[in-house]
Amino acid sequence: MVDHEVDTPAGTAVVDADTVDRRGAVAVSSDGVLARVRAGAGELTGALRRVAEHVLSDPEAAARATIVELAERSGTSPATITRFCRAMGFEGYADLRLGIAAETGRARSAGWTVDIGREIQPSDPLSRVLDQIMAADTRAMHDTAALLDLGEVERAAVAIAGASRVNIFGASGSALVGEEMQFSLHRIGVAAWAWSDVHEGLASAALLGVGDVALGISHTGQTRETIEMLAEAGSRGATTVALTGFPRSPLAELADIVLVTASQATTFRPDALSARHPQLVVLDLLYIAVAQRTHDRAHAAFRRTAQAVDGHKAEKGATTS
């Protein structure tokens with residue numbers, strides 16, 4: 001078996017270590033090591049993906065294993081383990097083990113509240129359910145902060161601040177996140193529309209041009225409708241932005257600017273739903289960055305929109321019949 005062969009749409013190709021390094025290497029601290037492996041696993045193929053899946057299935061065992069043991073357990077070779085480490089941004093296996101050990105050690109010290117893989121039982125009290133949800137969301141948001149390129153956020157904010165029109169594309173849960181962003185931008189005077197229907201979205205994207213911005217939201221980065229709408233916008237000259245959990249997904253590959261989120265999949269909530277709160281955090285950051293760059297206009301717009309709806313608020317002390 002040649003363990004460094006990977007499947008591609010054209011057949012089977014050999015991927016050497018240098019290619020992996022150029023495409024996959026990232027700067028990694030001891031924080032978020034497993035988040036980076038999760039984010040990259042979907043983009044790896046063949047033997048490298050088997051290593052990633054094995055590490056994620058039992059991080060503590062991976063941290064204790066020798067390079068030979070990990071190779072045997074994942075059905076690969078020590079050379080593949082070395083390539084995998086370099087793809088994850090480590091100089092060697094020892095550094096990867098230390099990073100995973102530090103992360104799993106913190107999890108053990110925190111107790112069950114971060115053991116988000118544990119099943120929630122029907123008899124569990126709501127206090128424990130709340131702790132599980134908070135632990136998963138907090139970890140996902142911390143991992144997102146570690147992954148996020150603030151330079152890309154800056155580029156997206158500048159583009160949106162100067163845009164004549166902003167289109168936001170997403171399907172299903174991503175559409176709900178997109179509507180939140182559209183509402184926020186609209187309140188500060190940015191002409192923004194959110195589209196989930198592919199026909200309406202494509203028609204709107206076709207009317208965009210240079211100076212406009214299109215934002216596509218998809219955790220997997222593989223939602224065909226979102227890819228089509230963002231591609232149409234880009235073909236018309238609009239600046240394209242992708243918000244996704246997979247930085248080398250089809251959606252990310254066609255975008256000018258990529259904003260990466262992490263998620264913490266659990267037994268009680270699938271990966272796509274787990275991505276919702278990290279997505280909202282990144283979009284909140286982007287929204288505030290846009291408001292900062294359009295401060296006077298944003299302040300005036302927010303004041304006018306607040307005044308417009310003020311009359312519909314209940315007076316303090318008033319009762320309803």
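Since we're looking at a predicted model, the values are computed, not measured. Note that the numbering runs from 1 along the sequence shown for the chain.
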Item to complete: Would you check, one step at a time, whether the test salt bridge (charged side-chain N to carboxylate O under 4.0 Å, His left out) holds for E53 with R38?
Response: CA-CA 8 Å; E53 291 173 346; R38 269 192 300 274; over 6 Å; no

Worksheet entry | From CA spacing to verdict: side-chain contact (heavy atoms from CB on, under 4.5 Å), L251, F246 | CA-CA 9 Å; L251 184 71; F246 296 87; over 6 Å; no

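No donor-acceptor pair under 3.5 Å is formed between the side chain of E154 and the backbone N or O of G151. Using modelled atom types, no side-chain atom of R187 and backbone atom of F183 make a donor-acceptor pair closer than 3.5 Å. Counting only distance, with no hydrogens or angles, the side chain of T138 and the backbone of A135 share no donor-acceptor pair below 3.5 Å. In this structure, the side chain of T223 does not engage the main chain of S218 through any donor-acceptor pair within 3.5 Å. Looking only at distances, a side-chain donor or acceptor of R97 sits under 3.5 Å from a matching main-chain atom of A63. Side chain of R36 to main chain of M88: no donor-acceptor pair is present (N/O by atom type, distance under 3.5 Å, no hydrogens or angles). No donor-acceptor distance shorter than 3.5 angstrom exists from the side chain of T226 to the backbone of Q222, with no hydrogens or angles considered. A donor-acceptor pair under 3.5 Å links the side-chain atoms of T305 to the main chain of F302, judged by distance alone.
Counting heavy atoms from C-beta outward, T244 and H219 have side chains that stay 4.5 Å or more apart. Counting only heavy atoms from C-beta outward, the side chains of D212 and N167 never approach each other to under 4.5 Å. I160 is not listed as a side-chain neighbour of Y287, based on a closest heavy-atom distance of 4.5 Å or more. Inter-residue side-chain proximity for T76 and L48 is flagged as unmet; no heavy-atom pair is nearer than 4.5 Å. For the pair L283/L215, a side-chain contact is recorded, criterion being any heavy-atom separation below 4.5 Å from C-beta on. Using a 4.5 Å heavy-atom cutoff, the side chains of V129 and I133 are in contact. Looking only at side-chain heavy atoms (C-beta outward), T80 and T82 stay at 4.5 Å or farther from each other. Here the side chains of V55 and L34 are in contact, with some heavy-atom distance below 4.5 Å.
Other residues, nucleotides and ligands contribute over 12 non-hydrogen atoms within 6.0 Å of the CZ atom of R297.
In the hydrophobic cluster analysis, where Ile, Leu, Val, Met, Phe, Trp and Tyr join through side-chain heavy atoms closer than 4.5 angstrom, L208 is grouped apart from I168. No chain of hydrophobic side-chain contacts below 4.5 Å, direct or via other Ile, Leu, Val, Met, Phe, Trp or Tyr residues, connects V258 to L243. No single ILVMFWY cluster, assembled from side-chain heavy atoms under 4.5 Å apart, contains both V213 and L254. At a threshold of 4.5 Å between side-chain heavy atoms, the hydrophobic network of Ile, Leu, Val, Met, Phe, Trp and Tyr places V282 and L185 in one connected group. The same ILVMFWY cluster, assembled from side-chain heavy atoms under 4.5 Å apart, contains both Y93 and V37.
Atoms CH2 and CG, from W195 and L202 in turn, are 11.0 Å apart once rounded to the nearest 0.5 Å. S204 contributes atom OG, which lies 11.5 Å from atom CG of D197 (distance to the nearest 0.5 angstrom). Rounding to the nearest 0.5 Å places CG of D149 at 8.5 Å from CG of L259. Atom CD of Q279 and atom CE of M141 lie 12.5 Å apart (nearest 0.5 Å). Taken from CG in L280 to CG in D284, the straight-line distance is 6.5 Å, to the nearest 0.5 Å. In this structure, CD on E200 lies 10.0 Å from CE on M229, to the nearest 0.5 angstrom.
Minimum heavy-atom separation, I227 to P250: CD1-CB, 3.7 Å. The two residues V260 and L148 have their closest heavy-atom pair at O-CD1, 3.6 Å. Considering all non-hydrogen atoms of both residues, L286 and A157 come closest at CD1-N, 3.5 Å. Of all the heavy atoms in A255 and T240, the pair that sits closest is CA-OG1, 3.3 Å. Nearest heavy atoms, A65 versus E69: CA-OE1, 3.3 Å. Here the closest non-hydrogen pair linking R293 and A161 is CB-CB, 4.1 Å.
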Enumerate donor-acceptor pairs with a distance under 3.5 Å from any side-chain N or O in residues 169-182 to protein atoms, sequence neighbours excluded.
| from | atom 1 | to | atom 2 | distance (Å) |
| --- | --- | --- | --- | --- |
| Q182 | NE2 | A192 | O | 3.0 |

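T239 and D256 are not linked by any side-chain donor-acceptor pair at a separation below 3.5 angstrom, with hydrogens and angles left out of the test.
Using a cutoff of 4.0 Å between basic side-chain nitrogens and carboxylate oxygens, E152 and R155 are scored as salt-bridged.
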